[in-house]
Amino acid sequence: MDRYNPQEIEKKWQKIWEKDQTFRAAEDSKDLPKDKKTPKVFLAEMFPYPSGAGLHVGHVRNFTIVDVLARFYKQQQMNVLRPFGYDTFGLPAENYAIKTGISPQSATKTNINNFRKQLKRLGFAIDWSREINTSDPEYYKWTQWCFLQLYKKGLAYRKESYQWWCPVDQTVLANEQVENGHCWRCGTEVEKKKMKQWFFKITDYADELLADIDALDWPDKIKTMQRNWIGRSEGAEISFEVADAGDAASKMIKVFTTRPDTVFGATFLVLAPEHPMVKDLVTDDTREKVDKYRTETLKKSEIERQENKEKTGVFTGSYAINPGTGEQIPIWISDYVLMGYGEGAIMAVPAHDERDFEFAKKFDLPIKKVIEKPESSKDDDECYNGEGKLVNSGHLNGTDTSAARELVVEWLEKQGIGSKKVTYKMRDWLISRQRYWGCPIPIAYDEDGNEYPIPEDQLPVIIPEVEDYKPDNSGRSALAKAKDWLTFEMEVEDKKTGKKVKKTLTRETDTLDGYACSSWYLWRYVSAHCKDAAWDKEAIKYWAPTDVYVGADHAVAHLLYIRFWCKFFADQGLLPFREPVKTLLYNGYINAPDGKKMSKSKGNVIDPLDVIDQGYGADTLRTYEMFIGPYDLDAAWDPKSVGGVYRFLNRCWTLCFDKKFEKHDNARIRNATIKKVTEDIHKHNFNTAISAMMEYVNELYKVGATEEDLIILAKLLKPFAPHLASEMLEKLGSDDVWPTWDEKHLVADTVEVVVQVNGKVRAKFEMNKSELSEENVKKRALEDKNVQNFTKNGIKKTIFVEKANLLNLVA
RNA sequence: GGCCGAGUGGCGGAAUUGGUAUACGCGUUCGACUUAAAAUCGAAUGGAGUAAUCCAUACGGGUUCAAGUCCCGUCUCGGCUACCA
């Protein structure tokens, strides 16, 4: 008989699947399954950036998880949608173009072709008819359309904002291009430069994005990260009057606090150095020092500002009035107060806030206790930030801090100087990139700088090819160099007269953040080639939302953005659901055999295609990566263990092709294995599902396998090792319908009873299940010499646990 | 500093959620086959001890008839976050 030859059978089955379009799902409304009884399942991985290096083992792990589920559900006769796509915009292609002059368009095409070929060699059950690519005009036409929908509702807008700027390369840098405060290309320290930027108003959805996290079937880790990212805090906004300010515009300073209950303990105010009111608060005496401090802080890089944990600051020369005590308190500026959060100003309560305490100590400012900590409190720090009863707080003395938080706000509200306020750490999503290789923002400007959206019927705004891909020194992308593209004539409504006029407009040269392109691709999949809409209404109703989404990255960014877009489009009546992903699986990384991250520079990269070509084949690779450990944990590659999995598949082969069928009755282990594998796949315990199959095969080797045993084995194996399993099923003349188990086979006639004395195992014996009772077991147990030995001084208590077949005697 | 997760053989990891700790795989050792090696097949494999038995799930306590699992404290590692008022 032939030996197990993965090369041969894998090629054979890949050809068959391609020819038969085995994994094709119903495309549009006409095509959708009428049969409502067959449930649908929509599975996807986070689509990859197709780099020139091709697939790596991390991709294989990610995609195999999806594939196992897709094949498993398909074998269970469900309607499975398992598409694939490429996230192709981005810096690597652009940098490659700058270096080589090869256009990103063409490099991307080459890379996709390579990726597709490799994916096919892994035997993934992909519906290739709906392959998508974000840099395809057919696709980004609809990304631009999405942008316009947000624009129409005021959720895409422009405002001035600081951007990273490299003074040597004369270009704007994305956050990820800034490494420890330095430009990733030339190593120059980067600066912040104020520029007009596009934003999406994700903050409008902050509350819903937060509230809906609870109900998600997502890993807690991600849920917590998203909650922290949104960073909602409830508190109050309080206005402090500036003393002796007269009728000046800056008479009141607004602060945000989560502890309004401590307002009587506010002994000074601190403003962020950038705070616009600082200039009105300085006096002739302090001006020089304040100006110096402000320039120094602004000059400091973010890194320096973070490094220097010691508090710094200067007194402005002005005072504010504490609304509780009526006392005058000094106003300071310090870089520990951030302009971007709350009001950019705080009331400092040094007795009950550690940062304020530190600041007060350093500059010798008064510290006034307003909370009496409860006697039970073990906290013996000088600064107490817990709960307690108020003291030194006028009419609120004796009130609990929790109640006081409400009362203080009510009291301030009556005086018109305070109100409840909620703030978020999350900011609006900055989406403009001064990059060539991205989706053009469909906006143009007239000579006065007025914005005009490109009408939907004129989409897509195509990316023009250029000669030189370098950004120019104005901070604009290389798109600005495409002169023919840059200016054009369009009929628009004149902003003043309201009449239709033809105007010469200049296009926006910023492109969209790549995350915008990936914020809606899951919906494109349901009708990948739909010509007249981003997604087909009927198809989306049938397939979406995504049932299982698998990835290893983008815990907050991408996974928050798709939730935001989903809620937005649901509000426009374009999506019939408010959360895009039901179950999220977040898989771990695969590290090099030494446990370190794989990297080209370290030379420790394992190429999955090499593993296949070494002779192991795709089935071994897939099965190994599922066996390597729990899917959500990082794992180190172990070349020896790959061999172990290959041996296992080889044993499956031998059992099927090289041995005679036996008549042995293996119903028990067969049914137990079906149950274990089925339940484990449902729970995503892929590693233990494979263990169970190994045990099954070991047993069949010992006692001999019947034809039925082998059919079951092949069916269970198919999601993991589809080529081998298909070959086995072909020989056995069986379909691949997922098997069910019969509980009656799992109940044995006899069971092993365990007898413990004081919790330690002292005897084991077989017993007929029908005779299993406390008395019978105890009687048998006491016949045992060992048990007698340990119970010489009598038995105080007997515990019988039927479900564990266990008797514990307390002696 | 804060929040979260983890710590089980030589290694990757199992353990029905409080009920026989160490499944499965790797490695190692022995044996079979072979002129030999590889491959394959079979057996053994937490530690100590001749043995009965004892000791082992990071460490120290506790709850319980019974703890890897629950509670309290300590240590170590990993992730995220970083003056967010």
Side-chain angles (χ1 to χ4, degrees), chain A residues 3 219-225 227-229 231-233 235-236 255-260 262 266 270 272 305-306 308-311 334-338 340-349 352-356 358-359 385 423-426 555-556 588 593 595 624 627-630 632-645 647-648 650-651 654 658 676 679 685 687-698 701-702 752-764 785-786 789-790 795-811:
Chain A
R3 291 190 44 178
D220 286 335
K221 184 173 81 177
I222 311 282
K223 289 166 58 160
T224 309
M225 280 168 76
R227 283 191 196 102
N228 293 342
W229 182 266
R232 182 181 201 272
S233 36
V255 305
F256 173 73
T257 178
T258 52
R259 295 296 300 269
T262 63
V270 187
R305 239 170 121 161
Q306 279 167 16
N308 192 7
K309 291 278 170 172
E310 179 143 349
K311 296 277 181 293
S334 170
D335 64 4
Y336 86 91
V337 176
L338 310 172
Y341 184 76
E343 301 293 336
I346 61 156
M347 62 172 208
V349 186
H352 307 291
D353 180 282
E354 276 170 40
R355 294 151 303 188
D356 301 343
E358 207 186 304
F359 195 81
N385 57 22
T423 62
Y424 301 88
K425 282 193 214 173
M426 184 172 69
V556 278
Y624 170 65
F627 184 61
I628 195 166
D632 56 340
L633 260 46
D634 289 353
W637 188 268
D638 179 3
K640 291 269 177 54
S641 284
V642 179
V645 170
R647 254 192 295 279
F648 161 64
N650 216 337
R651 279 158 77 83
T654 307
D658 218 10
K676 174 79 176 150
E679 289 179 349
N685 295 335
N687 56 330
T688 51
I690 294 167
S691 294
M693 288 188 276
M694 287 173 168
E695 283 179 75
Y696 179 51
V697 167
N698 289 347
Y701 250 71
K702 272 185 204 142
E752 187 182 49
V753 179
V754 173
V755 181
Q756 298 180 333
V757 180
N758 295 333
K760 292 202 167 173
V761 181
R762 297 299 174 190
K764 290 178 189 180
K785 281 220 175 93
N786 213 12
N789 258 335
F790 283 95
I795 295 162
K796 291 191 197 111
K797 199 173 166 187
T798 306
I799 291 114
F800 181 63
V801 189
E802 192 167 356
K803 66 165 183 171
N805 305 324
L806 180 138
L807 180 80
N808 191 16
L809 302 169
V810 185

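In the text below, chain A, chain B and the rest are named by the order of the sequence lines, each starting its count at 1.
Taking 4.5 Å as the limit, some side-chain heavy atom of A/Thr262 sits within range of a side-chain heavy atom of A/Met347. At a threshold of 4.5 Å between non-hydrogen side-chain atoms, the residues A/Asn685 and A/Glu679 do not count as touching. A/Ile799 has its side chain out of reach of A/Leu807: every pair of non-hydrogen atoms, C-beta onward, lies at least 4.5 Å apart. Using a 4.5 Å heavy-atom threshold, the side chains of A/Thr224 and A/Arg227 count as touching.
Of all heavy-atom pairs between A/Asn385 and A/Glu354, the closest is ND2-OE2, 3.8 Å. Residues A/Tyr624 and A/Ala636 approach most closely at OH-O, 3.9 Å, considering heavy atoms. The shortest heavy-atom contact between A/Ser691 and A/Phe627 is OG-CE1, 3.6 Å. Between A/Val337 and A/Ala272, the closest heavy-atom pair is O-CB, 3.3 Å.
When only modelled atom types and interatomic distance are considered, A/Asn650 and A/Arg3 share no side-chain donor-acceptor pair under 3.5 Å.
The CD1-C1' distance, from A/Ile222 to B/rG5, rounds to 12 Å in whole Å. Rounded to whole Å, the distance from CG on A/Leu806 to P on B/rG19 is 10 Å. Residue A/Asn758 contributes atom CG, which lies 11 Å from atom P of B/rC65 at whole-angstrom precision. Put simply, CZ on A/Arg232 is 13 Å from P on B/rA85, counting in whole angstrom units. One can place CE of A/Met225 at 10 Å from P of B/rA82, the figure rounded to the nearest angstrom. At whole-Å resolution of the value, CG in A/Asn228 and C1' in B/rU81 are 7 Å apart. Atom P of nucleotide B/rG19 and atom NZ of A/Lys764 are separated by 16 Å, given to the nearest angstrom. As rounded to whole Å, 9 Å separates atom C1' of B/rA85 from atom CG of A/Leu338.
Comparing the P positions of B/rC70 and B/rU76 gives an interatomic distance of 22 Å, to the nearest angstrom. Nucleotides B/rG60 and B/rU50 place their C1' atoms 36 Å apart, quoted to the nearest Å. Comparing the P positions of B/rG18 and B/rC80 gives a spacing of 32 Å, expressed to the nearest Å. Spacing between B/rC77 and B/rU8 at atom P, rounded to whole Å, works out to 14 Å. Separation of the P atoms belonging to B/rG68 and B/rG9 is 14 Å when rounded to the nearest angstrom. When the C1' atom is compared between B/rU64 and B/rG47, the two are found 28 Å apart, to the nearest whole Å. Nucleotides B/rG61 and B/rA23 are separated by 32 Å at their C1' atoms, to the nearest Å. For the C1' atoms, the distance from B/rC41 to B/rG46 is 27 Å, rounded to whole Å.
Pair assignment for B/rA32 gives B/rU40, based on Watson-Crick or G-U wobble hydrogen-bonding distances that are each under 3.5 Å. As the counterpart of B/rU17, no nucleotide is assigned, since no Watson-Crick or G-U wobble pattern has both distances under 3.5 Å. Figure legend. B/rU76 is base-paired to B/rA6; pairs are counted as Watson-Crick or G-U wobble with both atom distances under 3.5 Å. If you check B/rU45 for Watson-Crick or wobble pairing at under 3.5 angstrom, you find it paired to B/rG27. Pairing of B/rU57, defined by two Watson-Crick or G-U wobble distances under 3.5 Å, is not identified with any nucleotide. The partner of B/rG1, taking Watson-Crick or G-U wobble pairs whose two distances both stay under 3.5 Å, is B/rU81. Judged by Watson-Crick or G-U wobble contacts below 3.5 Å, the nucleotide B/rA67 has no partner.
Of all nucleotides listed (B/rG27, B/rA85, B/rC54), B/rC54 comes nearest to the side chain of A/Arg762. Closest to the side chain of A/Glu695, from the set B/rC24, B/rG27, B/rG19, is B/rC24. Picking from B/rU20, B/rC55, B/rA85 the nucleotide with the shortest atom distance to the side chain of A/Phe256 gives B/rA85.
Contacts of A/Gln756 with the nucleic acid, taken as non-hydrogen atoms under 4.0 Å apart, include base atoms. Residue contacts shown for A/Asn789 are absent, as no nucleic acid heavy atom lies under 4.0 Å away. Residue contacts shown for A/Gly644 are limited to sugar-phosphate atoms, with no base heavy atom under 4.0 Å away.
Residue-to-nucleotide proximity on RNA chain B shows that, of A/Val761 and A/Thr224, the 5′-proximal contact is made by A/Thr224. Each of A/Gly643 and A/Arg259 has a nearest nucleotide on RNA chain B; the 5'-most of these lies closest to A/Gly643.
Note that CE of A/Met694 is 10.0 Å distant from CZ of A/Arg647, once rounded to the nearest 0.5 Å. Summarising the geometry, atom CG belonging to A/Leu809 is positioned 11.5 Å from atom CZ belonging to A/Phe800; distances are rounded to the nearest 0.5 Å.
A tilted orientation is assigned to the rings of A/Tyr336 and A/Phe359, their planes being inclined by 30° to 60°.
Taking side-chain N and O atoms only, A/Ser233 has a distance below 4.0 Å to OP1 or OP2 of B/rA85. Neither OP1 nor OP2 of B/rC4 sits under 4.0 Å from any side-chain N or O of A/Lys221.
For A/Glu752 against B/rU20, a side-chain-to-base donor-acceptor contact under 3.5 Å is present.
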Quiz item: Just by protein heavy atoms under 4.0 Å, how would nucleotides 38-44 of chain B read 5' to 3' in B, S and -?
Solution: -SSSS--
Exercise. Would you mind building the protein contact string for nucleotides 11-18 of chain B? One character per nucleotide, 5' to 3', B for base within reach (heavy atoms under 4.0 Å), S for sugar-phosphate only, - for untouched.
Key: -BSS----
